[in-house]
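What follows is one structure encoded as structure tokens, with my remarks underneath.
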2 protein chains.
Amino acid sequence: MTGLRARVRAELTAEITAIARRQVVTEGAGNLSLRAIAREMGMASSAIYRYFSSRDELLTALIVESYNELGAAAEAADATCARSEVMQRWLAVSRAAYGWATANPAEYALLFGTPVPGYAAPPDTIGPASRFTLVLVGLLDEADRQGLDAAVKPVADPAMHDDLERLREMTATTVGNDAFVAGMQAWTALFGAISFIIFGQLNNVITDHDEFFGVLADLIGRQVFAAPARPRS
Amino acid sequence: MTGLRARVRAELTAEITAIARRQVVTEGAGNLSLRAIAREMGMASSAIYRYFSSRDELLTALIVESYNELGAAAEAADATCARSEVMQRWLAVSRAAYGWATANPAEYALLFGTPVPGYAAPPDTIGPASRFTLVLVGLLDEADRQGLDAAVKPVADPAMHDDLERLREMTATTVGNDAFVAGMQAWTALFGAISFIIFGQLNNVITDHDEFFGVLADLIGRQVFAAPARPRS
DNA sequence: ATGAATCAAGAGCACTGCTCTCGTTTTGGA
DNA sequence: TCCAAAACGAGAGCAGTGCTCTTGATTCAT
């Protein structure tokens with residue numbers, strides 16, 4: 001409604017987040033500087049505070065944007081596969097996560113790295129953060145429907161039955177406890193592998209990171225879905 | 001030889017690292033402040049530079065110390081088990097890592113979290129960093145000797161044969177490619193689980209983190225060593 | 001048209017890592 | 001034992017940070 005001013009405001013906020021994001025990429029999330037952004041935009045540093053009331057608020061905007069990108073990438077990758085091909089879908093989704101992480105390591109660190117001390121993720125982030133995991137739950141559902149099962153069954157502790165029940169409701173699924181826990185193990189293993197690669201833990205250990213990730217993703221997938229091994233590349 | 005001065009220097013360096021470590025715990029690694037350390041010690045900020053020529057050098061000292069703690073914890077846990085009980089040793093070692101991480105989350109973040117931008121880990125760190133992984137290789141060795149095998153076999157890519165050969169030499173082991181890759185998968189999965197817990201990714205997902213970790217560690221161990229499931233707790 | 005809301009700018013506060021200088025203290029060799 | 005050299009602590013200073021407050025201009029809704 002209110003014309004000019006609102007539009008200019010939206011444009012400026014977008015420009016700020018864009019520059020902030022570029023800065024996170026080159027300087028790292030910890031070195032995000034409002035003053036540098038202001039300098040690049042040719043405005044006073046204090047003016048930025050009209051748009052983001054603190055550095056953390058700007059960080060939150062970046063986090064939400066990144067979660068959405070990761071989620072969208074996973075959804076798109078999943079959508080390219082036939083619904084019944086669980087293992088293909090897993091490989092597509094996990095590669096999408098890995099691909100997004102390697103293309104945006106700084107943003108990945110923002111989501112899965114060391115949390116900024118004193119920064120508590122506001123509730124706005126949990127929606128976007130769920131998009132990726134919902135894709136995984138969709139895989140578990142399909143595997144369950146086909147009778148696929150984990151190669152090694154977890155021993156789901158009774159102490160976490162309530163959690164599992166609550167999660168089932170939140171994600172609208174009906175898979176059993178063991179399958180759910182196996183899925184969560186695949187989830188943590190997937191991001192453990194990505195984190196090791198992105199954060200440089202394998203730097204003088206493995207030379208071809210892409211191949212290594214491919215091997216692990218294939219292995220994890222077969223562990224959860226008890227599918228046959230992919231042919232050697 | 002040189003008496004007083006050298007001793008006082010050693011004491012001061014120790015005091016600096018101790019305060020620095022406390023500060024990393026309370027303020028986070030990114031907010032480590034040389035000035036605050038100097039203030040707490042009652043000396044000028046510039047005097048600190050007589051002991052550590054930069055902030056990064058101080059960080060390196062903390063990293064080395066932490067790697068050594070983690071490695072020592074793993075070695076100690078491993079030593080409490082009978083050599084032949086691979087699964088017990090795996091559980092002991094993985095729990096040692098998890099226990100150290102929960103007791104020292106800030107230091108864990110220093111080692112496995114987002115790398116500080118512009119900071120390249122100097123070669124001094126690779127020795128201490130290897131201590132933990134060498135324990136894991138010991139497990140692989142013993143499993144190999146007993147004929148234990150991964151439940152789901154990885155498809156080790158030919159592209160990484162050279163890496164595996166080099167790693168075998170470095171770690172003085174003879175386990176085959178598939179077993180080695182399976183071990184690395186367990187390695188990344190272990191720290192993936194710990195990272196998710198420490199970094200808060202499971203905060204509104206799982207209530208009892210300890211139990212959850214126990215379930216995952218048991219599952220990962222049986223995946224690598226094809227051991228029977230532990231009894232329900 | 002006018003009062004209210006919004007905005008950019010600048011100065012300023014308290015903080016950071018780091019450098020350089022200056023006067024003091026300790027050290028090791030002649 | 002004496003003395004130059006090395007090591008040291010303190011302080012000032014530079015360039016940078018997030019953030020606040022005030023001031024004056026611009027746009028908005030009535």
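A note on names: the letters A, B, ... follow the listed sequences, proteins ahead of strands, and every chain is numbered from 1. Since this is a predicted model, take the numbers as computed values, not measurements.
You'll find that the side chain of B:Met43 is closest to D:dG9, out of C:dC7, D:dG9, D:dC19. Listed nucleotides D:dA10, C:dG10, C:dG17 differ in distance to B:Ala47; the shortest reach to its side chain belongs to D:dA10. For B:Arg55, taking side-chain heavy atoms from C-beta onward, the closest of the listed nucleotides C:dA8, C:dG17, D:dG11 is C:dG17. The nucleotide whose nearest atom lies closest to any side-chain atom of A:Ala36 is, among C:dG17, D:dT17, D:dG11, D:dT17.
A salt bridge links A:Glu69 with A:Arg21: the closest approach of a Lys/Arg side-chain nitrogen to an acidic carboxylate oxygen falls below 4.0 angstrom. Checked for salt-bridge contact, A:Arg168 and A:Glu165 meet the test: a charged N lies under 4.0 Å from a carboxylate O.
No donor-acceptor pair under 3.5 Å is formed between the side chain of B:Asp218 and the backbone N or O of B:Gly214.
Environment of CG in B:Asn204: sparse, with no more than 12 heavy atoms of neighbouring residues, nucleotides or ligands closer than 6.0 Å.
The residue B:Ser45 sits close to a base: some heavy atom pair falls under 4.0 Å. Using a 4.0 Å heavy-atom cutoff across all strands shown, A:Phe52 reaches no nucleic acid atom at all. Within 4.0 Å of A:Leu12, counting heavy atoms only, lie sugar-phosphate atoms of the nucleic acid but no base atom. Using a 4.0 Å heavy-atom criterion, one finds that B:Leu32 contacts the sugar-phosphate atoms exclusively.
Between B:Phe112 and A:Phe196, the ring planes lie parallel to each other; the angle is under 30°, not in the 30° to 60° tilted range.
Distance, B:Met41 CE to D:dG9 P: 9 Å, rounded to whole Å. Between B:Glu57 atom CD and C:dG17 atom C1' there is a gap of 14 Å when expressed in whole angstrom units. Computed from coordinates, the A:Arg9 CZ to C:dT6 C1' distance equals 9 Å when rounded to whole Å. Residue B:Leu34 contributes atom CG, which lies 16 Å from atom C1' of D:dA10 at whole-angstrom precision. A straight line from CD of A:Glu40 to P of D:dT17 spans 12 Å, rounded to a whole angstrom. The OH-P distance, from A:Tyr51 to C:dT6, rounds to 12 Å in whole Å. Going from atom CZ of B:Arg7 over to atom C1' of D:dC8 covers 17 Å, rounded to whole Å. When rounded to the nearest whole Å, the span between CD1 of A:Ile48 and P of C:dA9 equals 10 Å.
Side-chain atoms of B:Arg35 and base atoms of C:dG17 include a donor and an acceptor less than 3.5 Å apart.
Checked against side-chain contact (heavy atoms from CB on, under 4.5 Å), A:Asn68 has the following partners two or more places apart in sequence or in another chain: A:Val64, A:Pro128, A:Arg131.
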Between protein and nucleotides 20-23 of chain C, what N or O pairs are separated by less than 3.5 Å?
none

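Phosphate contact (OP1/OP2 of D:dG18, side-chain N/O of A:Ser33, threshold under 4.0 Å): present. Side-chain N/O atoms of A:Arg39 include one lying less than 4.0 angstrom from OP1 or OP2 on D:dT17. Residue B:Tyr49 places no side-chain N or O under 4.0 Å from the OP1 or OP2 atom of D:dG9.
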Review item, side-chain donor-acceptor pairs of residues 181-192 of chain A, under 3.5 Å, at least two apart:
| residue | atom | partner | partner atom | Å |
| --- | --- | --- | --- | --- |
| A:Thr188 | OG1 | A:Met184 | O | 3.4 |
| A:Thr188 | OG1 | A:Gln185 | O | 3.0 |

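When side chains are defined from C-beta on, B:Arg9 does not count as touching B:Leu12, because their heavy atoms never get closer than 4.5 Å.
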